[in-house]
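Below is one structure, written out as structure tokens, with a few remarks after it.
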Amino acid sequence: MREKNHLYKKVLDTAPFGTLFFAYGVCIDVNAKALRLLRCQRSQIIGTSLGGEPDKVHQASITQLVQVINKLETDQLPGILWRSENTVEDDEIVVSLGAVEEADNVLCIMLYPLPALARMVVEEFSAEDLERIDTSTEGKEIPNLVESPKTPYRPEPIINIDQSNSPEPIDATDPIKSPPPTTETLAGLPIGKPLLKSINDYIDLDRDENACGALLLIDLDHFNSINESLGKHIGAQILERAHESIQAMLTDNMQVTQVAGDAFLLFIKDMAPSPAEARERALSVANEIRCIIARPFFTENGEVIVTASVGITLLYDPLISAEKAIQQAESAMFEAKRRGRDTVTLFDTQITRQAQQRITLQSSLRKAVVNQEFDLYLQPQVSTHTGAVVGGEVLLRWIHSGHAMHTPADFIPILEASGMIVDVGLWVIRTSCEYLRNMLDSGIWTPDMQLGVNISPKQFHDPGLISSLEHSLKSYDINPEMITLEVTENLLIDDFESVVDKMKKIRNMGTKFSIDDFGSGYSSMIYLKRLPLDGLKIDREFISNLNTDKDTLGLVEAIMMVSRHYGLEVIAEGVEKREVLEVLRSLGCDKYQGAHFSMPVCLDKFQQLLVA
């Protein structure tokens with residue numbers, strides 16, 4: 001195996017053309033020739049993701065190359081002639097890709113510079129069949145992907161709408177550019193009166209008692225963040241494309257209008273002869289809209305992907321009012337956002353009951369905060385190589401009358417949404433330091449061990465976090481290096497640069513950082529080199545079937561490769577089977593936690609595990 005690897009490196013390094021390898025869409029290796037052609041360092045391109053957002057610290061040549069590769073894959077081209085002023089070659093470069101034998105999900109990208117080897121390559125590929133891409137800026141602005149002479153590639157596709165077959169327009173003007181002159185506010189949303197009249201007329205219509213219509217409320221996710229980070233002109237372009245995409249789907253029984261700043265209300269008449277059939281058709285339409293909106297959108301800042309949450313209510317009850325129907329669609333939309341966004345939810349009475357239950361639970365939580373009804377459990381973190389306990393993670397539990405009340409998944413989101421998580425989170429930090437001091441004084445905790453403490457996004461953004469952390473560490477005389485703050489990928493979607501700055505300030509104190517549930521959220525592997533991290537925790541969804549799922553195994557291998565490149569410690573969550581542990585050990589995973597060793601336990605039992 002060592003000789004095989006040595007031969008591979010020798011061939012790669014002496015190849016007369018640039019070569020890059022991508023595993024599961026992430027760059028894992030590159031030769032010196034490619035680095036010279038792209039005018040970049042190895043550290044700048046390793047970890048680059050084909051699906052992630054462009055990195056501001058990237059060389060322009062890397063960003064453009066990623067776009068070229070994506071076009072090769074999307075259009076299934078044999079090769080592309082690429083010209084860019086950001087590469088070292090003044091002439092064109094042939095870019096081609098191919099799979100690697102006996103290595104699924106691995107791409108080999110080859111860069112053939114002209115005129116050195118291009119003549120040979122052009123003869124092989126037949127230059128007439130190669131699409132040309134020019135990313136030079138001589139005499140023009142930099143586009144993301146320059147147009148081909150044969151078939152123009154337009155980064156910002158605008159769909160031309162044929163209005164001749166559209167249903168009655170809500171207004172004679174485009175609602176994006178000029179909102180309807182008359183609106184009525186229902187359920188807090190400004191609804192155009194023409195659409196509102198159509199909904200009321202449909203509800204009042206004496207029709208087949210089984211005929212069923214639908215309302216779909218489509219709300220773009222995190223749209224305010226897009227406006228703030230990319231500018232309102234980009235937000236306007238995204239809204240326009242979303243509106244045109246929905247309009248292009250309309251049939252004679254559909255009407256749509258924009259409501260609020262980032263939402264659209266779609267009314268569908270006589271969707272199906274029965275509520276059961278209408279339910280399936282409405283879900284199908286909603287998911288089609290969601291997928292269309294989520295298509296990549298190219299701007300001058302690079303590729304942007306926007307998702308949407310869709311709420312649906314069915315119109316078959318003649319006693320319901322238009323206002324009530326809109327309220328139900330809005331409730332369903334908010335439930336879709338609560339479930340993680342980028343999803344579709346159909347209204348039912350259960351949503352209302354769940355909302356009432358959350359209100360009751362929030363009231364009980366406020367009393368729990370006052371009465372100090374919380375406790376900290378600890379789950380051991382174990383070395384995959386030695387089997388020794390090398391740390392732990394503190395986990396919040398709600399204890400009432402001696403019994404655990406609800407699961408963390410039930411009450412922590414409510415603590416977060418209500419803002420109570422800030423006070424509870426500070427208590428968690430203080431109590432964690434108290435636990436550490438007790439274990440240090442007992443001689444069962446050593447300075448090289450780590451205690452993981454979860455920090456929610458709202459707690460992270462609290463202005464008092466740094467001072468509170470410093471105070472707790474000093475009060476219990478705890479070395480900051482013993483604490484690892486675990487943050488989720490959700491933290492990265494809001495003002496990335498300010499998040500990085502605050503992480504650096506905390507890390508300068510000595511405290512470590514780890515990404516929790518890696519792979520389940522919004523970020524890509526490319527963020528790993530920009531964040532001041534010490535480790536990451538692979539989400540349990542990737543771990544549970546690691547020994548039987550080939551695709552999951554490949555993803556974890558890619559995560560391990562990139563993590564090792566950046567010197568990050570890797571912890572696997574949710575390890576329940578010995579077979580999974582063996583796979584993790586073979587991949588070089590550093591630590592694990594899960595039921596295979598121990599579930600979360602109270603402090604006394606955790607201390608017993610430390611001395612066992």
Side-chain angles (χ1 to χ4, degrees), residues 375-397 408 425 428-456 469 472-473 476-488 503 506-507 509-518 531-540 542-543 559-560 563-564 566-576 580-581 584-585 587-612:
D375 195 7
L376 284 186
Y377 276 40
L378 300 97
Q379 185 168 38
Q381 292 176 347
V382 184
S383 168
T384 56
H385 306 294
T386 67
V389 177
V390 291
E393 177 186 7
V394 293
L395 299 164
L396 187 65
R397 294 293 184 265
V428 170
I429 291 174
R430 288 196 306 271
T431 306
S432 298
C433 290
E434 180 185 353
Y435 282 7
L436 276 177
R437 174 43 54 198
N438 290 337
M439 290 187 289
L440 284 166
D441 291 344
S442 301
I444 57 177
W445 191 271
T446 58
D448 60 331
M449 299 174 75
Q450 292 288 310
L451 187 64
V453 179
N454 291 284
I455 300 291
S456 76
L469 179 60
S472 296
L473 291 169
Y476 291 97
D477 192 21
I478 301 299
N479 184 342
E481 294 183 356
M482 294 183 188
I483 295 286
T484 297
L485 298 183
E486 298 183 7
V487 296
T488 64
M503 288 178 69
I506 295 174
R507 198 163 179 258
M509 296 164 45
T511 303
K512 299 178 184 293
F513 269 105
S514 177
I515 286 284
D516 196 14
D517 301 329
F518 185 79
L531 292 170
L533 294 172
D534 300 278
L536 64 83
K537 299 178 75 173
I538 303 176
D539 185 64
R540 64 179 62 248
F542 294 112
I543 299 300
I559 292 173
M560 291 298 305
S563 300
R564 281 197 293 268
Y566 294 125
L568 301 179
E569 182 179 68
V570 180
I571 301 176
E573 295 184 283
V575 178
E576 299 179 353
V580 170
L581 177 58
L584 290 169
R585 186 177 290 122
L587 294 177
C589 181
D590 301 290
K591 304 175 185 176
Y592 77 93
Q593 61 187 83
H596 179 68
F597 185 86
S598 172
M599 294 291 287
V601 294
C602 65
L603 178 61
D604 289 342
K605 291 184 178 179
F606 181 77
Q607 290 175 326
Q608 293 173 14
L609 291 171
L610 288 178
V611 299

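Any value given below was found using the heavy atoms of this structure, including those in side chains, with hydrogens, waters and symmetry copies removed. Along the sequence shown, the residues carry numbers beginning at 1.
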So do the side chains of L451 and W445 get within less than 4.5 Å of each other, counting heavy atoms only? yes

Shortest non-hydrogen contact from V390 to V382? CG2-C, 4.2 Å

Would you please name every residue forming a salt bridge (charged side-chain N to carboxylate O under 4.0 Å, His left out) with R540, sequence neighbours left out? none

What residues, two or more places apart in sequence or in another chain, satisfy side-chain contact (heavy atoms from CB on, under 4.5 Å) together with D477? R437

For the residue pair F597 and Y592, does the interplanar ring angle fall in the parallel (under 30°), tilted (30 to 60°) or perpendicular (over 60°) class? perpendicular

Looking at residues at least two apart in the chain, or sitting in another chain, which of them share a side-chain contact (heavy atoms from CB on, under 4.5 Å) with M509? I466, L469, E470, L473, T511

Among residues at least two apart in sequence or on other chains, which ones pass side-chain contact (heavy atoms from CB on, under 4.5 Å) with D375? Y377, I399, Y435

Shortest non-hydrogen contact between E486 and G452, atoms and distance: OE2-CA, 3.7 Å

Ion pair K512/E569, N-O distance below 4.0 Å: no

Side chain to side chain donor-acceptor pair (under 3.5 Å): pairs with one or both residues in residues 595-612, sequence neighbours excluded: none

If the condition is side-chain contact (heavy atoms from CB on, under 4.5 Å), which residues does H385 pass it with, not counting sequence neighbours? S383, R585

Tell me the closest heavy-atom pair linking L587 and R564, and the distance in Å. O-NH1, 2.9 Å

With a 4.5 Å heavy-atom cut-off, do K537 and Q381 have their side chains touching? yes

